[in-house]
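Have a look at the structure below, then the notes.
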Amino acid sequence: MSASGGTKAIVAALSANLAIAVAKFVAFLFSGSSSMLAESVHSLADSGNQGLLLLGGKRAKRQATPEHPFGYGRERYIYAFLVSIVLFSVGGMFAIYEGYEKIKHPHELEHWYWPVGVLVFAIIAEAFSFRTAIKESNPLRGKQSWSQFIRRAKAPELPVVLLEDFGALVGLILALGGVGLALATGDGVWDGIGTLCIGVLLIVIAIVLAAETKSLLLGESAGLDEVRKIEAALVDGDTVTRVIHMRTLHLGPEELLVAAKLAVQHDDTAAEVAAAINAAEARIREAVPIARAIYLEPDIYDEAAAAKGTNPAMPPSPDASPR
């Protein structure tokens, strides 16, 4: 994912959430609706989350240093993980607490037209933000389903914004339902139930985000297509005859580390091997431009060792390991 695509979706979500947070809080002041208070805190938390994503993207662009020789690309993963914590603690837990209090001490809504009007406005604004995130994601998603895209994306920004916007839309519908039932029945308990449902929804989304970003923080390999391109680029059929084993690791969304042991002809000279290694590096960079750090080790292929499993010919499938 390009940083520009993620930034556009984040800015759209941030603009929508700031406007919605102010509108929701005003509606809470006039109506006393706990759903509106929970939703205003939700929008405020989302705005802070988008600020964290922008900050992470900016810090990830810093140049490598002797202390951090591979750069700061993973900062984007760290700030995405912080987003899941904020969504859980500030958004979800507050909504559950507020919903419990409203169910325990219900009161009738005042000036009902404020929360209803603001919720309709918020649904329209969130739908615009969600549409922007979908539009930015579609070229990168390709033929993957949305769940596959969120699970396999190496750049965290768009999946985070997609889940946040989806959660916001569902939360607004829950809030509208809670307010509507409270008005229809005259029982403020429904407003509290709607608030409680919003809290549960936010916690579920936060758990999904935490699980996905944890996997990125631990370090994920390149996608299966990229692995195949790299393997094809490594072997020239002359000096480099096969890949003995290879490992890849994302240093950031657009930075990939490649380490491989290559089988070369036993009677090749050092100069021929060095030239073949340099040529293989060039082919990798052409096939997979995000491959920034490449470490290739020449060796003599040993069939006996390979048969015992000490020289695995294929790396683990990127989709084989659980998140």
What is the minimum heavy-atom distance between [X] and [Y], and which atoms define it?
X      : Y      : value
Pro253 : Gly73  : CD-O, 3.8 Å
Asp236 : Ala276 : OD2-CB, 4.3 Å
Asp238 : Gln265 : O-NE2, 3.2 Å
Gly171 : Leu201 : N-CD2, 3.6 Å
Leu52  : Leu82  : CD1-CB, 4.2 Å

Does [X] use its side chain to pair, donor to acceptor, with the backbone of [Y] at less than 3.5 Å?
X      : Y      : result
Arg292 : Leu257 : no
Arg62  : Gly71  : no
Arg74  : Leu217 : yes
Glu272 : Thr269 : yes
Ser221 : Leu249 : no
Glu231 : Val243 : no
Arg285 : Ala291 : yes

As an exercise, state the distance from [atom1] of [X] to [atom2] of [Y], rounded to the nearest 0.5 Å.
X      : Y      : atom1 : atom2 : answer
Leu44  : Asn17  : CG    : CG    : 9.5 Å
Leu216 : Ile78  : CG    : CD1   : 11.5 Å
Lys154 : His250 : NZ    : NE2   : 5.0 Å

Return all side-chain donor-acceptor pairs below 3.5 angstrom for residues 127-135, not counting sequence neighbours, or 'none' if the list is empty.
| unit_1 | atom_1 | unit_2 | atom_2 | d |
| --- | --- | --- | --- | --- |
| Ser129 | OG | Asp165 | OD1 | 3.4 |
| Ser129 | OG | Asp165 | OD2 | 2.8 |
| Thr132 | OG1 | Phe128 | O | 3.0 |

*According to the ring pair (Phe, Tyr, Trp, His ring centres under 6.0 Å) rule, which pairs have a member within residues 47-81, sequence neighbours left out?*
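Listed once each, the pairs are His68-Tyr72.
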*In terms of hydrophobic clustering (I, L, V, M, F, W, Y; side-chain heavy atoms under 4.5 Å; direct or indirect links), are Val26 and Val41 co-clustered?*
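In one cluster: yes.
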Could you check if a side-chain atom of [X] sits within less than 4.5 angstrom of a side-chain atom of [Y], using non-hydrogen atoms only?
X      : Y      : value
Leu209 : Val160 : yes
Val83  : Gln50  : no
Asp191 : Pro106 : no

*Can you label the angle between the Trp146 ring and the Phe149 ring as parallel, tilted or perpendicular, going by 30° and 60°?*
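Judged by the thresholds at 30° and 60°, the geometry between Trp146 and Phe149 is perpendicular.
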*Can you list the steps and then say if Glu220 with Ser215 is a side-chain hydrogen bond (donor to acceptor under 3.5 Å, both in side chains)?*
CA-CA 7 Å; Glu220 290 190 355; Ser215 179; 2.5 Å; yes
*With sequence neighbours excluded, what pairs up with Ser43 under the side-chain hydrogen bond (donor to acceptor under 3.5 Å, both in side chains) test?*
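Testing Ser43 for side-chain hydrogen bond (donor to acceptor under 3.5 Å, both in side chains), a comparison that skips the adjacent residues, returns Lys24.
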*Between Ile96 and Thr195, is a side chain to side chain contact (heavy atoms under 4.5 Å, CB included) present by the stated rule, with each step listed?*
CA-CA 7 Å; Ile96 286 180; Thr195 308; over 6 Å; no
